[in-house]
There are 2 protein chains.
Amino acid sequence: MVKITDVARHAGVSPSTVSYALSGKRPISDETRRRVQAAVRELGYRTHVRAGGAVGAGSRVLALAVPMRSGVHVPVVTQFAVSVVTAARAHGHDVLLLTQGEGEEGIGRVAETGLADALVVMDVQLQDPRLPLLRSLPLPSVLIGVPAEPDGLTCVDLDFGAAGELCVDHLARLGHRTVALVGSPPEVYVRRTAFARRLVQGFTAAADRHRLRSAVHPCGTGRGAARAIAERLLREQPALTGVVVHNEPLLDPLIDAFEELGVRIPEDLSLTAVCPTPVAASARIPLTSVTVPSTELGTRAVHLLVRKLSGAPVPQATLLPPRLTERASTGPRPD
Amino acid sequence: MVKITDVARHAGVSPSTVSYALSGKRPISDETRRRVQAAVRELGYRTHVRAGGAVGAGSRVLALAVPMRSGVHVPVVTQFAVSVVTAARAHGHDVLLLTQGEGEEGIGRVAETGLADALVVMDVQLQDPRLPLLRSLPLPSVLIGVPAEPDGLTCVDLDFGAAGELCVDHLARLGHRTVALVGSPPEVYVRRTAFARRLVQGFTAAADRHRLRSAVHPCGTGRGAARAIAERLLREQPALTGVVVHNEPLLDPLIDAFEELGVRIPEDLSLTAVCPTPVAASARIPLTSVTVPSTELGTRAVHLLVRKLSGAPVPQATLLPPRLTERASTGPRPD
DNA sequence: TTCACCCGTCGAAGCGCTTCGACACTCCCG
DNA sequence: CGGGAGTGTCGAAGCGCTTCGACGGGTGAA
């Protein structure tokens, strides 16, 4: 193992000079800096993370808390995680993966043992038990998702409330008068998952504003659930012509179910999804959708964290405005 | 932050005694140990990972290299990752997530900076560029997947060769004489991904052994690809009655495609999948399958790693025997 | 020319922990 | 009753690094 004293000897300077040359915390002459850098390169030196003096310094590791609860769509969550890792690496950080069960305990452990020096927290609930802990921790953290009381925290998310409204606005503009939201699985709402709840709020508010008849249905996944919800919608709201779906794995099965029931999309029924663009674009019918920008959210979260680490001020909540892309699944209300 | 000296003072012993009491590396009287443990609990002490003396010791972190290349099925990979994290936590380790691009560079960095003290490597190719690096590293590692030359490494995987054979054996026993393998996307084979290649070998070997007509087709995912491969199979092998599918996201679309073409499963065509049990069980038609035990593999990998860390000898390759479960997608050859 | 100041560098102290080598006991055998 | 062998505990050294204070030499203003 090559250590800082090796580099120092090789460059003909003292270890402290090497340290300063690398950290830039004190002025070092260009000449010396160059020699140090050359030595570092030649010897392949890397500062050992767990060196004593480093205790005070940052560990260049950030922890990512991904609960992986039931009802979440795994590819989307993974997309988030990958984008966080990628962004973190771009800032010289590594990422420690914390999963469910570890949720609270893990955050505490990682903070107190000094393993990580920052936290990204996913799958945030409106009343999240992790919030008090996060507020009390000396480590900076960023939530992906906005809880009910974001005071003292830093959050970033798609503005799901506005996303819900945007979908309804779109359907209303096309003339639809009766709409429904097919949501995530029930357990997601039971947990009071922030983004799911906010989408419902936005959907309902916009439907009321436009004076539409509306209904909200949490829904599980799979063919059976799709068939059941499709039948139920047609039965309970015979005038239904507009549906918003916030449930990635249900999209294709739901399209199939409607088709089997003789409902054509978009001729008889307009369907708008809230999901990542690739999902919407590769569905059986290209779906008009409000995109969930998972990659951008992960990247933003890391940027905010890096800024916090450097002591810069950051906004409490960053809400990305929703963008609706029209594809083949929506059209004017049939007569 | 509570440090070891605080605990020592609180327990009325010296810091070194606390250290020994916690590590068990020297005999400590029950009485003293109890007092130390009480103090630890009361003060909420946790040893700081990055303390100087710890440089020599383990970091209790293992790195998980998940390339996330195209063509891999995200939920399965995620399942692996989660099981590795869970198992690692059970052994008191945390997990650092390394992704693509980081593949080689990341492994080196993590090893040299002492961030992790062990490695789990996924998505192994027959000739994997990471192998020389792994062999040269002072850190123990375990591969999930068996490369062409596993000497000096530790690997664990499902025996995909035997899995391929088992599927063919099953079809042959049911009387099928013409079979096909619908595999993973082409890029997976181009990369010479170990498990995919081995499955093909097993499939082909067993087909030859049984003197069956056989064909192998890598295949992309999605409805279009499913329809295309279904048509092609029926065209090129009119006598085809048995198909093995090694491509999770293609399963449902392929079943649909056959149905649309008027081919009934299992009356006209028997279909065997190689995939995790939940995928097989929740497909449109419950599928006869050889299970890919992702959770068990992740757990095994961690166990092996922990044993290596403790200096215990471990087998070079652990190949789990495949198990075939009959469900509703296979039946006797039609007359 | 002198003095204050700044720049670049160094040595030494210290981070929180582990570990080595004592040291003081106790116990048991001869 | 003496001495050897364990036990259990402690102090001190050291891990690789950062950081503080200091120092020498150059520079510019007075």
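These numbers were taken from a predicted model, which means no experiment stands behind them.
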Inset, instruction - Determine: side-chain N/O of T17(A) to OP1/OP2 of dT9(C), distance under 4.0 Å, yes or no. - result: no

Inset, instruction - Go through T78(A) and T78(B) one step at a time and tell me if the side chain to side chain donor-acceptor pair (under 3.5 Å) criterion holds. - result: CA-CA 7 Å; T78(A) 306; T78(B) 305; 2.9 Å; yes

Could you tell me the separation between the [atom1] atom of [X] and the [atom2] atom of [N], rounded to a whole number of Å?
X      : N       : atom1 : atom2 : value
H48(A) : dT18(C) : NE2   : P     : 14 Å
R9(B)  : dT9(D)  : CZ    : C1'   : 18 Å
R35(B) : dG8(D)  : CZ    : P     : 14 Å
K3(B)  : dT18(C) : NZ    : P     : 14 Å
L22(B) : dT18(C) : CG    : C1'   : 12 Å
K25(A) : dC20(D) : NZ    : P     : 9 Å
D30(B) : dG8(D)  : CG    : P     : 8 Å
R33(A) : dC7(C)  : CZ    : P     : 14 Å

Legend entry - Side-chain heavy-atom pair V77(A), M68(A) within 4.5 angstrom cut-off: yes

Legend entry - Side-chain heavy atoms of L320(B) within contact of D157(B), under 4.5 Å: no

Legend entry - Passing option when R35(A) is tested against T17(A), V40(A), V13(A) for side chain to side chain contact (heavy atoms under 4.5 Å, CB included): V13(A)

Inset, instruction - State the CD-CZ distance between Q125(A) and R191(A), to the nearest 0.5 angstrom. - result: 6.5 Å

Inset, instruction - Confirm from the modelled atom types if R26(A) and dT9(C) form a donor-acceptor pair under 3.5 Å, side chain to base only. - result: yes

Inset, instruction - Test for a donor-acceptor pair under 3.5 Å between the base of dG8(C) and the side chain of T32(A), counting only N and O atoms. - result: no

Inset, instruction - Using the closest heavy atom to pick a nucleotide of DNA chain C for each, name whichever of R46(B) or Y20(B) lands nearer the 5' end. - result: R46(B)

Legend entry - Shortest side-chain distance from I4(A), nucleotide among dA12(D), dC17(D), dT9(D): dC17(D)

Inset, instruction - Have a look at S29(B) and say if it touches a base, only the backbone sugar-phosphate, or nothing, with a 4.0 Å heavy-atom cut-off. - result: sugar-phosphate

Inset, instruction - Mind checking T47(A) for me? I need base, sugar-phosphate or nothing, with any heavy atom below 4.0 Å counting as a touch. - result: sugar-phosphate

